[in-house]
Amino acid sequence: MRSKFILLVEDDQNDVELTLRALQHGFSGRVVVVNDGAEGLDFLFRRGKFADREPEYPGFIILDKKMPKMDGIELLYAVKKDSVLKNIPIIMFSSSNYEKDISDSYKAGVNAYVVKPINIDEYYKAVREIGHFWGEMNEAPSTEHRP
């Protein structure tokens with residue numbers, strides 16, 4: 001059975017709060033928040049402080065591009081190389097609209113790239129639509145559980 005939770009990988013606490021508030025109206029599942037790419041990989045690979053978590057995987061990942069320790073592109077490459085994790089849809093949600101960032105994200109295997117709107121109402125709308133489409137409408141292949 002496919003997990004119905006979102007992994008939000010975001011280092012900016014204001015964006016975390018805005019995203020969580022918006023998802024209350026566009027996604028009925030739970031949201032797990034990690035603060036950088038390295039912590040995101042620890043969560044996904046169940047290591048470090050996440051070693052004892054249940055062997056379930058998110059229905060999709062909302063990923064910021066620019067973060068400390070490990071950026072979104074590095075996380076993307078690591079996830080897409082893994083035979084189990086590679087099927088998890090990943091949405092890059094970034095303030096960058098630079099063509100190189102968009103192109104690099106798709107080369108690394110992102111499923112969608114959304115530029116964070118500056119206007120608060122548009123930000124909420126974008127997040128709600130991401131949550132609704134990727135969390136409620138999209139049918140992704142199931143992710144097998146690791147032992």
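Here the CD1 atom belonging to I62 is positioned 11.5 Å from the CG atom belonging to D15, to the nearest 0.5 angstrom. Taken to the nearest 0.5 Å, the CD1 atom of I120 stands 7.0 Å off from the CZ atom of R21. Here the CE-CD1 distance, from M92 to I102, works out to 10.5 Å after rounding to the nearest 0.5 Å. Atom OH of residue Y57 and atom CG of residue L7 lie 12.0 Å apart, to the nearest 0.5 angstrom. For the atom pair NE2 of H132 and NZ of K125, the computed distance is 13.0 Å after rounding to the nearest 0.5 Å. Atoms CE and CG, on M70 and L75 in that order, are 6.5 Å from each other to the nearest 0.5 Å.
Within 6.0 Å of the CD1 atom in I118, the count of heavy atoms belonging to other residues, nucleotides or ligands does not exceed 12. With a 6.0 Å radius and a threshold of 12 heavy atoms from other residues, nucleotides or ligands, Y98 has its OH atom at or below the threshold.
A salt bridge is defined here as a Lys NZ or Arg NE, NH1 or NH2 lying under 4.0 Å from an Asp or Glu carboxylate O, and D71 with K66 fails to meet this definition. Salt-bridge annotation for E39 and K49: present, with a side-chain N of the basic residue lying under 4.0 Å from a carboxylate O of the acidic one.
Using the six-membered ring where Trp is involved, F5 and F43 have ring planes that are perpendicular, over 60° apart on the 30 and 60° scheme.
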Does the pair F93 and L8 meet the rule for a side chain to side chain contact (heavy atoms under 4.5 Å, CB included), with working shown? CA-CA 10 Å; F93 191 50; L8 174 60; over 6 Å; no
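A distance-only check finds a donor-acceptor pair linking the side chain of K80 to the backbone of K86 [under 3.5 Å]. Put simply, the side chain of N111 gets close to the backbone of I90: a donor and an acceptor are under 3.5 Å apart. Distance alone, capped at 3.5 Å, places no donor-acceptor pair between the R53 side chain and the R46 backbone. Proximity of a side-chain donor or acceptor of S103 to a complementary backbone N or O of E99 within less than 3.5 Å is not detected.
Closest of all the heavy-atom pairs between P68 and D11 is CD-OD2, 3.4 Å. Between Y106 and Y113, the closest heavy-atom pair is OH-N, 3.2 Å. What you find for L23 and G131 is that their closest heavy atoms are CD2-CA, 3.9 Å. Pairing each heavy atom of S105 with each of L76, the nearest pair is O-CD1, 3.8 Å.
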